[in-house]
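The analysis underlying the following values was restricted to heavy atoms, covering all of them including side chains, and did not include hydrogens, waters or symmetry mates.
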Amino acid sequence: MNRRNFIIKSTKAGVALSLGATLLACVDKSPSTMAYKKQPIAICTWAFTKANEAAGKALDKGVTALDAAIIGVAVEEENIKNTTVGKGGAPDREGNVTLDACVMDANGDCGAVVCVENITNVAALAKIVMEETPHVMLASQGAEELAYKYGFQKEQLLTESSEKAYRAWLKDSEYKPIINIENHDTIGMLCMDQNGDIAGACTTSGLSYKMKGRVGDSPIIGAGLFIDNEIGGAAATGMGEEIMKNVGSFLIVELMRQGKSPQEACEEALNRIVSKNDQIEHFQVAYIAMNKAGETGSYCIHPGFARMEYKNSVNTRIESKAYLTS
């Protein structure tokens, strides 16, 4: 080989190597190919300490992201002192407790149930819908009948204390949700397992004394919960009617796809709500998010919202930034 040809070939090889390294560096920085931390992470809306810890410990044992999320939210579904989720939840205006839930896994599969009576663990039931039926969502009696087919037990969801509060409410029947109390209506949970896969669950009894048949954002894929395992996941809590109008959780994941951090994406999604609403002093909305790098974020309208975060076997309460600071 003469010197001229050797120089040309060497130069081409060098350019190819340089270009390859540049492309690799760019790929490594893209949201869809972030290096997996492969450390279990669980985050949830509100200070549901025991629920988030249960999910985190399940992840530490190698449980999949979806099953860990269902284990976690079940803690609050079964907590009769929690009047906004599961058994013990506040009833609708007719005195009936109805539950909503959805789940979404790392493959993009999802399931949901709405207006379910007599069944406590509706997130687990949503997984049955996802895995055992050709549908994504089942409602009311259809969902309840499916639950019995798969061994769920019929339970009275209206507890003595919830019924007492309902009787007191009937005296004036004023429907005015209290921020961070009656808007505190959902546990949304996002989990990353040891394989770096992300999944989530969202479950609620809805707003206290809602109209019969009312369904909020919690069981709606893209509103109360959304997962894209290449990018990350998001979940919502608060006034479901406002969250649904903006398909909030889906929006957050898409913003992360564009390169925004979970915190930046939550803030942008919430800004979409407040910029078009002059009644924000009357309701709360909050978002949580996690990306494939294990970064997390949250944002809310009113101060007082916090998320739990389980990482490195430590469960921490993290106060969220708020749009309104006073």
**Q** Looking at residues at least two apart in the chain, or sitting in another chain, which of them share a side-chain contact (heavy atoms from CB on, under 4.5 Å) with Ala234?
**A** Ser249, Ile252, Val253, Ala289

**Q** Restricting to pairs with a member in residues 106-118, which pass salt bridge (charged side-chain N to carboxylate O under 4.0 Å, His left out), not counting sequence neighbours?
**A** none

**Q** For Val63, which fellow cluster members are found when Ile, Leu, Val, Met, Phe, Trp and Tyr are connected by side-chain heavy-atom distances below 4.5 angstrom, either directly or through intermediates?
**A** Ile71

**Q** When rounded to the nearest 0.5 angstrom, what distance separates CG in Asn229 from CD1 in Ile198?
**A** 6.0 Å

**Q** Should we count NZ of Lys57 as having more than 12 external heavy atoms under 6.0 Å?
**A**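 Incorrect, the count does not exceed 12.
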
**Q** Who passes side-chain contact (heavy atoms from CB on, under 4.5 Å) against Ala74, sequence neighbours left out?
**A** Glu77, Glu78, Asn121

**Q** Is there any salt bridge (charged side-chain N to carboxylate O under 4.0 Å, His left out) pair reaching into residues 159-168, and which pairs are they, with sequence neighbours excluded?
**A** Glu163-Arg167

**Q** Which ring pair (Phe, Tyr, Trp, His ring centres under 6.0 Å) pairs, counting each pair once, include a residue from residues 104-137, with sequence neighbours left out?
**A** none

**Q** Taking the side chain as C-beta and beyond, is there a heavy-atom pair between Leu99 and Leu157 under 4.5 Å?
**A** yes

**Q** About how many Å separate CD1 of Ile288 and CD1 of Ile43, when rounded to the nearest 0.5 Å?
**A** 4.0 Å

**Q** Would Arg214 and Glu241 pass as an ion pair if we require N to O under 4.0 Å?
**A**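 Yes.
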
**Q** Any pair with a residue in residues 91-131 that passes ring pair (Phe, Tyr, Trp, His ring centres under 6.0 Å), sequence neighbours left out, goes on the list, sorted by first then second residue, please.
**A**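 Of all non-adjacent pairs touching residues 91-131, none passes ring pair (Phe, Tyr, Trp, His ring centres under 6.0 Å).
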
**Q** Please, which pairs that meet ring pair (Phe, Tyr, Trp, His ring centres under 6.0 Å) have at least one residue in residues 216-246, sequence neighbours excluded?
**A**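 Residue pairs with at least one partner in residues 216-246: Phe226-Phe250.
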
**Q** With a 3.5 Å distance limit and no angle check, can you tell me whether Asp193 reaches the backbone of Ala65 through a side-chain donor-acceptor pair?
**A** yes

**Q** Mind running side chain to side chain donor-acceptor pair (under 3.5 Å) on Ser218 and Thr186 for me, showing each step along the way?
**A** CA-CA 7 Å; Ser218 299; Thr186 302; 3.0 Å; yes

**Q** Take atom CD1 of Ile80 as the centre, draw a 6.0 Å sphere, and report whether it contains more than 12 heavy atoms from other residues, nucleotides or ligands.
**A**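 Counting neighbours around CD1 of Ile80, 12 or fewer heavy atoms of other residues, nucleotides or ligands fall under 6.0 Å, so no.
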
**Q** Not counting sequence neighbours, which residues clear side-chain contact (heavy atoms from CB on, under 4.5 Å) with Lys321? List them please.
**A** Gln263, Glu267, Tyr299

**Q** Applying side-chain contact (heavy atoms from CB on, under 4.5 Å), can you list everything that pairs with Cys300, at least two apart in sequence or on another chain?
**A** Gln284, Ala286, Phe305, Ser320, Ala322

**Q** For Glu53, is there an ion pair with Lys50 - N to carboxylate O distance below 4.0 angstrom?
**A**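 Not counted as a salt bridge, because no side-chain N and carboxylate O are separated by less than 4.0 Å.
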
**Q** When rounded to the nearest 0.5 angstrom, what distance separates CD1 in Ile41 from CG in Leu190?
**A** 10.5 Å

**Q** Which salt bridge (charged side-chain N to carboxylate O under 4.0 Å, His left out) pairs, counting each pair once, include a residue from residues 122-148, with sequence neighbours left out?
**A**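 For residues 122-148: Asp67-Lys127, Lys127-Glu131.
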
**Q** Only pairs at least two apart or in different chains count here, so list each ring pair (Phe, Tyr, Trp, His ring centres under 6.0 Å) that has a residue in residues 67-87.
**A** none

